[in-house]
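Here's the structure, in structure tokens; my notes come after.
Protein chains get the first letters and strands the later ones, always in sequence-line order, with residue 1 at the start of each. Keep in mind the model is a prediction, meaning the values are calculated, not measured. FYI, side chains are in, hydrogens and waters are out, and symmetry mates aren't considered; it's all heavy atoms of this structure.
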Number of protein chains: 2
Amino acid sequence: MIVRRDAGTPAGSDEPGWLDQEEAHAWVALAGVLVALPAALDAQLQRDAGISHFEYQVLAMLSMEPDRTLRMTRLAALASGSLTRLSRVVDRLDKRGWVCRQPDPTDGRSTLAVLTDAGWEKVVDPAPGHVAEVRRLIFDQLTRGQVRQLHDIGKRVLRAMGTEGLVPPT
Amino acid sequence: MIVRRDAGTPAGSDEPGWLDQEEAHAWVALAGVLVALPAALDAQLQRDAGISHFEYQVLAMLSMEPDRTLRMTRLAALASGSLTRLSRVVDRLDKRGWVCRQPDPTDGRSTLAVLTDAGWEKVVDPAPGHVAEVRRLIFDQLTRGQVRQLHDIGKRVLRAMGTEGLVPPT
DNA sequence: GTCATTAACTTGACACGGCAAGTAATAAGG
DNA sequence: CCTTATTACTTGCCGTGTCAAGTTAATGAC
């Protein structure tokens with residue numbers, strides 16, 4: 001995104017094709033967060049548990065199922081990744097002994113990913129640190145009102161992208 | 001990040017180690033934005049200009065220099081990427097004729113990346129569409145007050161990450 | 001002046017994710 | 001039933017990014 005460095009747009013301007021100063025400032029800040037926050041969270045998880053954020057997400061989603069089991073396609077959707085990516089990640093997690101694959105008895109096409117006991121520990125163990133990091137970087141910095149605003153702003157942007165309901169109910 | 005699906009935390013709770021409901025909702029929304037917004041912006045640029053967001057960033061930073069020239073290290077910092085990554089990207093952009101490398105006459109170690117005329121067009125051409133997409137997905141969805149809140153929230157989070165001043169003045 | 005250190009990249013080997021093609025099992029039509 | 005279509009994955013190939021090591025040039029110490 002180009003943000004003009006020079007004097008630029010007069011404060012009152014609202015040509016539809018450009019961003020005014022307030023918008024430009026907000027955009028710069030948001031773009032910074034978009035780059036740095038995922039990197040920071042990934043780094044914390046990598047440091048404390050030797051695992052990527054996506055891998056953690058996969059383990060976490062399995063850990064929330066009563067039987068610690070999910071079909072690949074559904075797990076991919078829950079973790080917000082492609083099926084290919086999930087397949088590769090489950091390969092790795094399987095090799096490290098944190099999940100295993102099982103054939104689905106009710107449908108021979110589908111594969112079930114099951115969280116092992118070691119995998120359960122791998123998700124429970126770093127969770128407090130991960131939550132603490134999210135709290136430290138975000139919520140400790142914001143007022144109550146800003147937390148609510150953040151929720152509303154996020155919802156609106158997600159709605160505009162048509163990505164609101166990524167997580168199907170069941 | 002684990003967000004409990006069941007009834008969970010009582011509304012007034014503020015155990016330091018967990019997120020209360022408002023925070024959890026805000027976090028879910030933010031996490032969604034963190035995943036979907038970069039993907040959406042990348043997709044738009046890829047569709048309209050056949051270029052990644054990082055490549056665009058590189059061209060855009062060069063386009064803002066008076067002589068369309070930057071040293072590799074500084075360009076990497078401005079585009080928020082590693083030097084290795086930049087080196088590879090400049091390879092590609094060079095092959096496509098949008099930038100070229102020149103030896104720095106004042107320091108034999110450093111390399112100058114220079115934007116060509118074709119590269120200038122490649123950055124000017126998709127800019128309106130890119131800005132329009134940012135406006136459509138974000139600023140058209142928000143009130144004036146929310147734009148200001150977004151700016152403030154972003155600044156606070158960046159400060160907590162120690163990543164506020166990514167762009168050195170000169 | 002010479003040698004060690006530092007700086008500024010570049011490059012090779014590897015990890016990761018995407019796309020398209022392949023495989024196997026179920027569902028749908030006639 | 002038997003054929004065709006669809007679903008649910010998996011895999012080969014490729015592009016991209018990272019880390020560590022290599023290269024070349026400038027700087028500092030003596």
Side-chain angles (χ1 to χ4, degrees), chain A residues 34-36 38-40 42-43 45-47 50-59 61-62 69-96 98-114 168, chain B residues 34-36 38-43 45-47 49-59 61-62 69-96 98-114 168:
Chain A
L34 249 37
V35 168
D42 249 328
L45 227 39
Q46 195 69 52
R47 182 162 25 81
I51 212 177
S52 76
H53 191 263
F54 182 71
E55 290 172 324
Y56 182 73
Q57 200 77 3
V58 168
L59 297 178
M61 291 303 155
L62 286 172
T69 298
L70 281 168
R71 295 179 54 174
M72 293 294 281
T73 300
R74 174 147 173 77
L75 181 51
L78 287 171
S80 311
S82 71
L83 191 52
T84 297
R85 186 179 186 185
L86 179 67
S87 185
R88 304 246 140 101
V89 165
V90 169
D91 280 348
R92 299 198 290 268
L93 296 178
D94 188 350
K95 267 173 205 143
R96 300 213 253 173
W98 296 329
V99 305
C100 59
R101 285 182 219 252
Q102 283 178 14
D104 184 340
T106 75
D107 185 338
R109 294 167 298 179
S110 85
T111 305
L112 300 176
V114 184
Chain B
L34 249 36
V35 167
L41 295 177
D42 251 329
L45 227 39
Q46 195 69 52
R47 182 161 26 79
I51 210 177
S52 77
H53 191 262
F54 182 71
E55 291 171 325
Y56 182 73
Q57 199 79 2
V58 168
L59 298 177
M61 291 303 154
L62 286 172
T69 298
L70 280 167
R71 296 179 53 173
M72 294 292 281
T73 300
R74 174 147 172 75
L75 181 52
L78 287 171
S80 311
S82 70
L83 188 53
T84 298
R85 185 179 185 184
L86 179 67
S87 185
R88 311 249 187 221
V89 165
V90 168
D91 281 349
R92 301 198 288 267
L93 296 179
D94 189 349
K95 266 173 204 144
R96 301 213 252 174
W98 296 330
V99 304
C100 59
R101 283 183 220 250
Q102 284 179 11
D104 184 340
T106 75
D107 185 337
R109 292 168 300 179
S110 86
T111 305
L112 299 177
V114 184

ask   = Would a 4.5 Å heavy-atom cut-off, applied to side chains only, mark Ser52(A) and Asp42(A) as touching?
value = yes

message = If you compare all heavy atoms of Ala76(B) against all heavy atoms of Leu86(B), which two are closest, and at what distance to 0.1 Å?
response = N-CD2, 3.6 Å

request  = Measure from CG on Asp104(B) to P on dC9(C) and round the result to the nearest Å.
outcome  = 8 Å

request  = State whether the side chain of Asp104(A) and the backbone N or O of Leu112(A) hold a donor-acceptor pair below 3.5 Å, judged by distance alone.
outcome  = no

note = Only residue of Val99(B), Thr69(B), Val114(B), Leu78(B) satisfying side-chain contact (heavy atoms from CB on, under 4.5 Å) with Leu62(B) is Val99(B)

query = Can you name the closest pair of heavy atoms from Ser87(A) and Met72(A) and give their distance?
reply = CA-CE, 3.8 Å

ask   = Less than 4.5 Å apart, any side-chain heavy atom of Val90(B) and any of Thr111(B)?
value = no

DNA chain D: 5'-most and 3'-most nucleotides touching chain B, 4.0 angstrom heavy-atom criterion = dT16(D) to dA26(D)

ask   = Reckon Thr111(B) has a side-chain N or O less than 4.0 Å from the OP1 or OP2 of dT10(C)?
value = yes

key: Least distance between heavy atoms, Trp98(B) atom then Leu59(B) atom   = CB-CD2, 4.3 Å

query = Can you name the salt bridge (charged side-chain N to carboxylate O under 4.0 Å, His left out) partners of Arg109(B), sequence neighbours left out?
reply = Asp107(B)

task = If a protein heavy atom is under 4.0 Å from the base, mark B; if only from the sugar-phosphate, S; if neither, -; do that for nucleotides 15-25 of chain C going 5' to 3'.
result = -SBBBB----B

Every protein N/O lying under 3.5 Å from an N/O of nucleotides 1-4 of chain C:
none

note = Applying side-chain contact (heavy atoms from CB on, under 4.5 Å) to Thr73(B) and not counting sequence neighbours gives Leu83(B)

inquiry  = I'd like to check the salt bridge (charged side-chain N to carboxylate O under 4.0 Å, His left out) partners of Asp91(B); sequence neighbours left out, ordered by chain and number.
reply    = Arg101(B)

